[in-house]
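The model shown is predicted, which means the values in this text are computed figures rather than measured ones. Just follow the structure's listing: the first ligand is 1, and inside any ligand the first atom is 1.
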Amino acid sequence: MADLAPPPPPERLLIGTAVSAGVAHAVVHVLKDHFDEPDEDSIAPEAVDHEMKRLHAALDVTRQEIEALRREMGAEEGSAESEIFETHLLIIQDGSILRQVEKTVREQLISVDYAYYRLMTKHMEKLRGLQDAYLRERFLDIKDVTQRVMRHLRGELLETPMFDEPVIIVAHDLTPSDTVQLDRSKVLGFALETGSAVSHAAIIAKSLAIPAVVKLHGICETLHSGDAVFLDGEEGHLIVNPTPETLARYRSREEQAEKREDVFQVDRHGEAITTCGSVICVGANAEFVEEAQIVNDSGAEEVGLFRTEMLHLENPNSTEDEIATAYTTVVKSLAPKRVVFRTLDLGGDKVDERLAEEPEPNPFLGWRGIRLSLGKPDMFRTQLRALLRAAMHGRVGIMFPMVSGLQEVLDAKALLAECAAELEREGHTIPEAIEVGAMIEIPSAALSADQIAAEVDFFSLGTNDLIQYTLAVDRLNDRVAGLYQPTHPAVLRLIDLSVLAARRAGIRIGICGEMASSLELTPLMIGLGLNELSVAAGQVARVKHAIRQLNVPECQALAAEALKRSLPGEILELTRSHALRCYPELFE
Ligand code: PEP
Ligand code: MG
């Protein structure tokens, strides 16, 4: 009898850009934008205006989103795609919808979410039953727009995905607030349509030590949840329906790579001492409480950057006690290592929709980091008090993000001192000296580093942002990714200035941006005088190995030469060839 089993689906190779190393073989879970149906919540008469303001804000962000999509797809005027976007924009700007929603909210005193959703559903129902294919299509347009507006209205970016088995997440992009909603214990990798090596999805993948590949354009449409894939975070490949031969080939490649890796891992808990005897502190960056074990195992000597905004996005309504408990767990699980907690760096791409009263035209130049914290003193106080309470259980540093000049540091320190005094009055024992630091990630902070240095115990260079702000290159934008150059002379000069200011003031200076993880740049970083590198946990052993092969005076000569050069490519080549000469084994 003939074998009726269908032939296996053909293998397909999709090529993107690798941003976090490792490989994974699993089924995919495709994240689609989604929202739950709203309840019919009643509101007080005085809340009507606020409700309408929320709807206007949601419509405005949706409009911007659709316009961006239209630009991204390069839809030509008059084309079918362009017509779809035009239709969507018309639905958003439809005055009669707005008027009807407002009337319902005012007269029936129900939430705007429900009023808007009910009205749009009515329109959809009407169109759905029509014979005319064109009009039936309009049903999909209204559905799409309604979904977008509802997501923004309700601050829900994604469904909370439930997967019973380990999966590779496929999505257009993963913002930090999307990522915190995932069950990370079941996520084996990220395959994304957009993003870059310094987008937060890539940073988080590195922290969690899982592979990530970005720039896999169109995969959200072509893949479906349940498809089997092999994700290669070294080569930037996504193999759909991998054959047994492909899997076997990868297995043998992995075995070889693991053997090579073991050599660097053996000494990971030892100090990183250069050939001339200088000790360089290598720490890890972290975001989640459960990462403590990965950090402890990585050989990191401290956590040079704990991004607290991820915990906040996970549980935005946490009380001071709950936050203090979470921070204390981190401190205790990492003791005696120092943990540098960065105060909330919300804003930019790390948006807490509850705080975003109005959408900002330029979020990365807007209400972000320390600006937002100082503008929300009650929220900031809660965090500072929680940090001070956690500091009673181990070595804690407190670091302020997105500092643009001295005043913000003074204001933040004043609030910190008030919180400390308050806690003492309440009977808590506050450690004598808590180290306070500033991130240098805005050019103005680097240029006034001498002034800021007088007020802090340490600097940490946030080069992910420093590069973006110095070169006016959006760190998330594919189109200008080629201009995002860590070795641009302007960036090196700002680093040099900051190091000089720190030295003169006698304070420590380190780096926690992704530049610190790049093995090609290690000689340059050491030569520029950075002796604390905080890197992705998975990179600690390799960075330590690299440092052990370097000689500081040679690195200083390299940095001096680099500072004289004008072209980013030339500078990159200088440090790359130095690195290749000193530790070729790390590039095999
Ligand atoms: C940086 O900007 O380099 C940094 C470490 O902070 P984040 O990536 O969270 O902006
Ligand atoms: Mg930053």
The residue among Asp478, Asp173, Leu192 that forms side chain to side chain contact (heavy atoms under 4.5 Å, CB included) with Val214 is Leu192
Taking only residues two or more places apart in sequence, or in another chain, which ones meet Arg395 in a side-chain contact (heavy atoms from CB on, under 4.5 Å)? Arg338, Glu435
So, using side-chain contact (heavy atoms from CB on, under 4.5 Å) as the criterion, who are the partners of Val61 when residues are at least two apart? His152, Pro359
Side chain of [X], backbone of [Y]: donor and acceptor closer than 3.5 Å?
{"X": "Glu234", "Y": "Gly22", "answer": "yes"}
{"X": "Glu360", "Y": "Trp367", "answer": "yes"}
{"X": "Glu570", "Y": "Leu567", "answer": "yes"}

Within the supplied structure, the quantity of interest is the number of heavy atoms (other residues, nucleotides, ligands) at a distance under 6.0 Å from Gln293 CD; does it exceed 12? no
Salt bridge check, Glu314 against Arg184: does any charged N sit closer than 4.0 Å to a carboxylate O? yes
The protein residues that pass the under-4.0 Å heavy-atom test against ligand 1 are His200, Ile203, Leu305, Arg307, Arg342, Asp345, Lys350, Arg368, Met439, Glu441, Gly462, Thr463, Asn464, Asp465, Arg475, Cys512, Gly513
Distance-only donor-acceptor check, side chains Asn296 and Lys337, under 3.5 Å: yes
Checked the Mg ion (ligand 2): protein N, O or S atoms closer than 2.8 Å come out as Glu441 OE1, Asp465 OD2
